[in-house]
Amino acid sequence: MSTESSVIQLTAKDYASDQDIRWCPGCGDYSILQQVKKVLATVGAKRENTVFVSGIGCSSRFPYYMSTYGFHSIHGRAPAVATGVKVANPALDVWVATGDGDGLSIGGNHFLHTIRRNVNLKILLFNNRIYGLTKGQYSPTSPLGKKTKSTPDGSVDYPLHPISVAIGAEATFVARSIDVNVKHLEHVLERAAKHKGTAFVEIYQNCNIFNDMAFEYATSKETKDDTTVFLEHGKPLIFGKDKKKGIRLHGMNPEIVELGGDIKEDDLLFHDEKQVEPSLAYLLSRMHFPEFPEPMGVFRAVERPTYEDMLMGQVDAAVRAKGPGKLEDLYDDGETWVVN
Amino acid sequence: MSTESSVIQLTAKDYASDQDIRWCPGCGDYSILQQVKKVLATVGAKRENTVFVSGIGCSSRFPYYMSTYGFHSIHGRAPAVATGVKVANPALDVWVATGDGDGLSIGGNHFLHTIRRNVNLKILLFNNRIYGLTKGQYSPTSPLGKKTKSTPDGSVDYPLHPISVAIGAEATFVARSIDVNVKHLEHVLERAAKHKGTAFVEIYQNCNIFNDMAFEYATSKETKDDTTVFLEHGKPLIFGKDKKKGIRLHGMNPEIVELGGDIKEDDLLFHDEKQVEPSLAYLLSRMHFPEFPEPMGVFRAVERPTYEDMLMGQVDAAVRAKGPGKLEDLYDDGETWVVN
Amino acid sequence: MVVSIEPPVTKTKPTPVVEREEITVRFAGDSGDGMQLVGTQMTNTSAMFGNDVSTFPDFPAEIRAPAGTLAGVSGYQLNFGARKLRTAGDTVNALIAMNPAALKTNVEDLEQGGILVINDDAFNPTNLQKAGYKENPLENGSLERYQLFRIPMEKLTAEACKDTGLTARNIARCKNFYSLGLVYWLYGKSLEPTERWLQDKFGKKADVLSANLKALRAGYYFGETTDMFSVRYLVPAAKIAPGRYRKVTGNEALAMGLITAARLANKPLFYGSYPITPASDILHELSRHKNFDVRTFQAEDEIAAITSVIGASFAGALAVTGTSGPGVALKQEAIALAIMTELPLVIVNVQRGGPSTGLPTKTEQADLHQAIWGRNGEAPCCVLAASTPADCFHMAMEAFRIAVQYMTPVFLLSDGYLANGAEPWLIPDPSKLDKFVVKHPTTHNDTDHFLPYKRNPDLVREWAIPGTPGLEHRVGGLEKRDITGDVCYEPDNHDHMIRLRRQKIDNIAKTVPPLEIYGNTNGGELLVLGWGSTYGPITSAVERCRSKGLDVSSAHLRYLDPMPQNSGEILKKFRRVLIPEMNLGQLRAHIRATFLIDAIGMNKVQGKPFTINEIETQIGSLLHQQNGRKS
Amino acid sequence: MVVSIEPPVTKTKPTPVVEREEITVRFAGDSGDGMQLVGTQMTNTSAMFGNDVSTFPDFPAEIRAPAGTLAGVSGYQLNFGARKLRTAGDTVNALIAMNPAALKTNVEDLEQGGILVINDDAFNPTNLQKAGYKENPLENGSLERYQLFRIPMEKLTAEACKDTGLTARNIARCKNFYSLGLVYWLYGKSLEPTERWLQDKFGKKADVLSANLKALRAGYYFGETTDMFSVRYLVPAAKIAPGRYRKVTGNEALAMGLITAARLANKPLFYGSYPITPASDILHELSRHKNFDVRTFQAEDEIAAITSVIGASFAGALAVTGTSGPGVALKQEAIALAIMTELPLVIVNVQRGGPSTGLPTKTEQADLHQAIWGRNGEAPCCVLAASTPADCFHMAMEAFRIAVQYMTPVFLLSDGYLANGAEPWLIPDPSKLDKFVVKHPTTHNDTDHFLPYKRNPDLVREWAIPGTPGLEHRVGGLEKRDITGDVCYEPDNHDHMIRLRRQKIDNIAKTVPPLEIYGNTNGGELLVLGWGSTYGPITSAVERCRSKGLDVSSAHLRYLDPMPQNSGEILKKFRRVLIPEMNLGQLRAHIRATFLIDAIGMNKVQGKPFTINEIETQIGSLLHQQNGRKS
Ligand SMILES: Cc1ncc(C[n+]2csc(CCOP(=O)(O)OP(=O)(O)O)c2C)c(N)n1
Ligand SMILES: Cc1ncc(C[n+]2csc(CCOP(=O)(O)OP(=O)(O)O)c2C)c(N)n1
Ligand code: SF4
Ligand code: SF4
Ligand SMILES: [Mg+2]
Ligand SMILES: [Mg+2]
């Protein structure tokens, strides 16, 4: 990140562009936009060194609303565009805004490969479990049986779980948050901003027009304490209104237990976001409502060299070994002869 | 599968087409071809009801060598072509032959989505960790640092692990075998043939021209007992020349232990291919040479309704509910009026 | 249920009624105002009482931009007439504007002296500002050119519905029916069909039903009562072929055409698609008809959509994919595979404004080159284009007919205007539709062999499908040896196959109806040549010009590659050819390259159709020039 | 190291030497036989001694089909001459066939009476059968038309190398050098360059080095000794511009051109690509030159390749993607995005045989329509084509020059023949190359604003890049308002932008060199118009016809869209225009559509280039017809 302190400290609103925001009133995208701006201010990002890249979808309008550099590309390709930006100029901070359709349906392959290469990008997936912009078809994250315009009898596709997919590709940073929990979202985004490598954040986002209440279980006052569990590094998984429930491992399977009685905090599963192997993160990614509380927070955060660092390392090494390329030498490669 | 016993029992060679095989002499593809033919004979597959679909690559020449129906499609798209075949006629047995480039590079997205939909296809991924047909560029499964034509200074991409990716998409059947272990390969392919749902088999395959010996660790007499471990449902993970080593779970991490002394078989990790949650299978997929022996065999085999069964279920339900469609009714939908 | 409303106070004298040949009305308001709904109601009512109708909705690109903003305006235009209509109308005779933003974005299309009905209540400072008005346009004289009617619709609706028990907010939602009632009165329409529709729709929600009915009637009675309007207009019934009708949009007609083809052939219909505006409604429509053995597959992307369709075709289904231009771009590699494997399938392209994401909700016809020439290698396939919403039905069947008869992928081009525009459709009698017989071989076509690339005299191979014992064979994208279908790298075979694939497509022309001249069949001064959705404005413009005695004719290409066999002959009968297109001259280039005719381009790329008037003017000026030059 | 071999027994009289203007030799054998290697050696030797050379390798489509099969044959053709050569030669004067399969697949290209050198040892029953010979062709008189030389190369090589300590199997591998030695003798070539090369290559493996040297010399001395050959041929040095030369293939030249542009501009070169034959070698070549700040990205597919390039261009790199036709198909959606965002980048298409997977290792030029017309919407971009292997260097720089100067994607078309064919290249002096200055703005271009779509008089916007304070802006695929670059759905703006984007591309013509006539600059009877790799055979054919006094000229288009400004003028100077193309007439359609000229097509789609002779014959027969008609 380019966080050198500049003379003037920017605030969230300095990251807003002059464009009218065209999301539906009540859309969860507004909150995400706001928290991103706050986090940029917190980490002291420079507008000129920050680039937002998106695909197509409601969520992908994101770059227009930022006063940084921005690229509203084509459907599904934002991670690849962003990779080009980052490799061409590794000094830039590059963010990707994508949707569940954009990022996981048409864009699934770029998602996979960008993550496995560990290009230093922040990927925010606005998961509203629906295609918003095209007015309400089911998406790869819509639940089985979901009735939508294109599935009047209910969907027959098992959904993908974005975090499981990311971990399948061995993401170095994976996290989840939710539009309405603005403090948590801000915290998670800040963690992502500070991660060096691909940081993937799934954000549950309400589309109040085509899939309203999709995440009600995780947001409503009545249920949210029982349907979500907040991950903290080194801490046991405890949840519930009175913090009386916990997650324990039974072999390779998580189970919900009541604290008190025989069961102590120490018996619970302790979160370790820094485990070298992503198996724990994978296991956590499998906890779904209604069987389990859904984990929120950072599933995994490990360091490994980024793609662009390794690539530029080779460039630098080549320059050190052979000197900065001279065209004479390039042309003279191989056998030459002289005609007089 | 269409395994009704036909009058004449076919043998492996009845599944061979009349085309000259054009793989390099010594290529691992020959063995895979041979075992597939044997398995078809074993399960009594009918030639006319069997379709092999492939993309582009050396491995994707596969369909030409089979006397069944076949489709040599375009690069990366075989799973999608196969999905169309299967949905159009669910009575067919549809196999996909693909390579590590075809299936995981350009075709990664179709791979992911076919698996998550659980279309009843058998996907054989010939993993030689190289692009064979285009003469030796690195592939998404080539190890970091691999020197190839396109990476003279070594690759800077972390590899994808096909089984981890498949499990990221919640594959119902995942297995691994190796070209030269013909018995094991045959066994695994037979298991795949009998699975109902997407069956994904990663086959380590030697490309003796562009990536010779890539799997030597797992095939050479000297090392293979220590570098591979064979999975058997309900059995502990034991390996090594004298079957003296085992895999034990330490929290969420596997570790190698020596049997004897304090450590009993019962302390080891027992394989359970039928676990509803794929977390164990994921953990196993993370065991890589040289740190660990690499698991061979069936990682996961669970049942859930297939895509085409659910889709045809909706078609049948609609017919039951509304009767087989009549064009009159179709046209008369909505408001009509009569002009005299 | 009973809804009562004050009977109108009778006017001193009834408003005089003027007869008109056709009328164009546009309802415009915020996306949330229900303009599409009332527009549709008025369309149905007009059609049921014998008018010909043609409509076009204009959606905003945003789902639901903030209420009151320009980006959020939704419009619905209806043209109803006592004669054959081919467009939704050039200029608007009456505009109903529910808020300042709707006024601003629509008023320019209103004819001089046209009727401008305003929901006065919405012209408050906030809304004015959202629409970017510095001062209230209703009050600064800027609307002088129009007949302005300021009606406090929200207040009047509230008043009418006050006893329904609905909340104020829900009552406010009924104001669209108030406006509809008023317009019904203005054009002498019966309330009955809409009342019936409301009963059907809200029968179970008594309060909502009653409020809407009251609003509707209140609007109507307002017309009766007030002295505001000095005339009412009446459009008599049109002379229309007798029969049973319904209204269809192009997308609906297209979906029905596809289902019909599959049904006639007694085959499953496989539709593999990825949603994209303005094609998604075909997916939605088809997925509702599973009892016709329609199998819809919402793929992960356009590439999976087309390749699944190729697989389904190989396996014997009638297989089709639908998308718009950017989706076609992604499908081209696979379309070439279908060309190589000679499998029948249909690719529907509902064109929209390009390039790139362009104007996704607007219409355009700039994907013709892409369809004909947009693939690598010599990759010919058949290209068709529908000319009207209802024609989409026929052309969808044609597309399958050709695909199967010639074992080839067939492009069917539609566009945003056809897709969402609607017209009445004479419901066909299924038993009178042409038979559609699809044959799959079951036996060898050579001594104890099946030769997959053996051909009939039209160069077409057989469609042998998996499941058939003895006909096992392999297809693929590598060059094939003719007849055997084996992979073949030989130079002469390749040259042969390249020419053969082109010839096979050219052979399709034998089964294509000849190009017809509307006008002077012996030729003359000027031919206006069209394709796709320009059919309406071109034909009407030529009709008007001819009625003025101008020597102009028209012809419409629904088959673009190959073109009808007589195309060149027809074009050469005319001294000049004018080609209006919503692109920079794509058909023109095709015609020039094929026939070396110096066709004149008329190009409008504004995301909206030609008006009749524009083409009429252009014809006039060309013929005028001509006369000028002659004299 | 010292290698000794028996000195040759002197012949009774030395073999007479005949001088020739040019000679074409082809080495053909199994993929494992090292034919490319010896072909390359002979090319270098010929070039170093002053001949002009032109070569073309012919790889099998399979990596390594079973030894001895037809599918496994690999060939290398060399044309060396005492005059300017433009093709690798029409017919082969001498064919070296290392096994029956090589004989079978190549002998038809050997001229009548040509020299046929056979490795006799390989003609055993197994190999004959693998090649599909029922009987030994060496013995049934079927090769009567040629001068047949049966030489037991394997035995003779074994004999020569017996003391090297190598295994028999490894010795057998040296037989290619034996054949090379013999051919060197036949054409009076010096062994020295190849000996030097062997020293460099195997200096550390004494046994391998010695065996190869011995085989080479043994072959040479075999020629000296035997009486088999009645003449030797000598091709004198050509008149060639003085300077330092090297041999380049089109792919090498192209890669060097790209690096040169980036170096001159002092920019990183970003190459995003997915491997595909025959373009992969550009990726391989570029990845070896990281010290030029070349950043190669092997993407997961072609879509990621082009979109990463778009991102890199946005961020300020000189960015380029390379692929072949099927890859271009996948990139088209994104290319339109680059057109919309007006970003500079280059798309290299090394064309191969299509459609679909087609003939992946063969050449063709059937992707011209795809480049010009293959996108949805009105999506114009610039299209260039290189004409010779060495010209790829120049055109790569041109592509970048235009891309940056006009802020546009530029297509550069090459093909399999150019990519793998080689010719001598006069190494340029880097300091004498044109300067290439790339400017990025650093300040506002409007009062305290940066307007990303503000344009210069050529309609080109500025290339402001991230990292520049104050110029933050957003680009994207939706229609843009001119000047501000804001998203804009307005009809008039769209029409304006559609025309503006086309006009901007047309403006490029101002900077394109005029089309030149080779021949009668005043026009005449026949113009042969070419593009891409047909340059060689066309120019040589016209040269030959002109030397016979025929009224024929030629012109070559390296700029296809826009074409040079004088193109129409030039074409109209000729009574007829002939367009030879390795497709069904793609340039022809473009020319017809643009200029309404009834150009005559000459179309060969066989996966291989035209021969000079084919074009010569066609010119002859056209002019003959002409004369016939005139009289
Ligand atoms: C190539 C292509 N295919 C299809 C589309 C149509 N399209 C636009 S956005 C979208 C899906 C949007 O869903 P999601 O990514 O979940 O974003 P949301 O609108 O829900 O934020 C689709 C299918 C397109 N623009 N381009
Ligand atoms: C669209 C497209 N891009 C690229 C290629 C070139 N290509 C053919 S096969 C291949 C990769 C082959 O690798 P893999 O799938 O691992 O198969 P293998 O040859 O190793 O069996 C590539 C890049 C192609 N045929 N089509
Ligand atoms: S459609 Fe849904 S996701 Fe899109 S802007 Fe509206 S509420 Fe948000
Ligand atoms: S190149 Fe490798 S993978 Fe391909 S056929 Fe040869 S050995 Fe097999
Ligand atoms: Mg979404
Ligand atoms: Mg491979």
Side-chain angles (χ1 to χ4, degrees), chain C residues 61 303 324-326 328-330 332-333 336-337 339-341 349 351 353-362 364 366-367 369-370 372-379 476-479 489 491-492 494-495 498-499 501-502 583-584 586 588-590 592-594 596-598 604-608, chain D residues 61 303 324-326 328-330 332-333 336-337 339-341 349 351 353-362 364 366-367 369-370 372-379 476-479 489 491-492 494-495 498-499 501-502 583-584 586 588-590 592-594 596-598 604-608:
Chain C
I303 301 177
S324 189
V328 171
L330 292 168
Q332 293 279 39
E333 190 207 2
L337 175 66
I339 290 171
M340 210 62 167
T341 51
N349 178 355
Q351 299 165 93
S356 194
T357 313
L359 297 179
T361 59
K362 306 290 177 195
E364 200 160 291
D367 301 348
H369 282 173
Q370 183 194 36
I372 304 181
W373 287 322
R375 287 165 296 281
N376 59 300
E378 291 290 344
L478 285 165
E479 183 58 286
Y489 302 119
D492 291 338
H494 181 51
D495 197 284
I498 288 278
R499 290 172 203 270
R501 283 185 289 260
R502 179 68 247 177
N583 60 42
L584 289 183
Q586 301 198 356
R588 178 166 172 259
H590 186 31
R592 287 169 66 98
T594 312
L596 291 175
I597 284 174
D598 190 8
K604 171 176 173 176
V605 203
Q606 303 183 357
K608 57 184 190 183
Chain D
I303 301 176
S324 189
V328 171
L330 292 168
Q332 294 279 39
E333 189 206 3
L337 175 67
I339 291 171
M340 210 63 165
T341 51
N349 178 354
Q351 299 164 95
S356 194
T357 313
L359 296 180
T361 59
K362 306 289 177 196
E364 200 159 291
D367 300 350
H369 282 173
Q370 183 194 36
I372 304 180
W373 287 321
R375 287 166 295 281
N376 60 300
E378 291 290 346
L478 286 165
E479 183 59 287
Y489 303 118
D492 291 338
H494 181 50
D495 198 285
I498 287 277
R499 290 171 204 269
R501 283 185 288 260
R502 179 69 245 177
N583 60 43
L584 289 184
Q586 301 198 356
R588 180 167 171 260
H590 186 31
R592 287 168 68 98
T594 312
L596 292 175
I597 284 174
D598 190 6
K604 170 176 172 177
V605 204
Q606 302 184 357
K608 56 185 190 183

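To find a chain, count down the sequence lines: A is the first, B the second, and so on, and within it residues start at 1.
- For the options C/K362, C/Q351, C/K608, C/R499, heavy-atom pairs under 4.5 Å to chain D are most numerous at C/R499.
- Contacts with chain D were tallied for C/A329, C/S356, C/A589; C/S356 has the most, counting heavy-atom pairs under 4.5 Å.
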For side-chain contact (heavy atoms from CB on, under 4.5 Å), just list the numbers for C/E333 and C/R375, CA-CA rounded to whole Å, side-chain angles, deciding distance to a tenth of an Å, and then say yes or no. CA-CA 7 Å; C/E333 190 207 2; C/R375 287 165 296 281; over 6 Å; no
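- Using a 30° and 60° split on the angle between ring planes, C/W373 and D/H369 fall in the tilted class, from 30° to 60°.
- Here the side chains of C/V605 and D/P491 are not in contact, with every heavy-atom distance at 4.5 Å or above.
- Contacts between D/T361 and chain C at a heavy-atom distance below 4.5 Å are absent for every atom of the residue.
- Applying the salt bridge (charged side-chain N to carboxylate O under 4.0 Å, His left out) rule to C/E479 yields the partners C/R501; only residues at least two apart in sequence or on another chain are considered.
- Put simply, of C/D492, C/T341, C/L330, C/I597, the one with the most heavy-atom pairs under 4.5 Å next to chain D is C/L330.
- Looking at C/I372, there are no atoms closer than 4.5 Å to chain D (heavy atoms on both sides), in backbone or side chain.
- Atom NZ of D/K604 is separated from atom CG of D/L584 by 14.0 Å, given to the nearest 0.5 angstrom.
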Evaluate the side-chain contact (heavy atoms from CB on, under 4.5 Å) criterion for residues C/N349 and C/V328: first the C-alpha distance (whole Å), next the side-chain angles of each, then the deciding distance (0.1 Å), finally the verdict. CA-CA 7 Å; C/N349 178 355; C/V328 171; 3.6 Å; yes
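- Between chain D and the options C/P360, C/G377, C/A379, C/G607, the largest number of non-hydrogen pairs under 4.5 Å is found for C/G377.
- With respect to chain D, the highest number of heavy-atom pairs below 4.5 Å among C/A593, C/A366, C/A336, C/G374 belongs to C/A593.
- Of all the listed residues (C/T594, C/D367, C/L359), the one sharing the greatest number of non-hydrogen pairs under 4.5 Å with chain D is C/L359.
- Residue contact with chain D, scored on non-hydrogen atoms closer than 4.5 Å, is absent for C/S324.
- For the residue pair D/E378/C/Q586, the side-chain donor-acceptor check at 3.5 Å is satisfied.
- Only the side chain of D/E364 has a heavy atom closer than 4.5 Å to any heavy atom of chain C.
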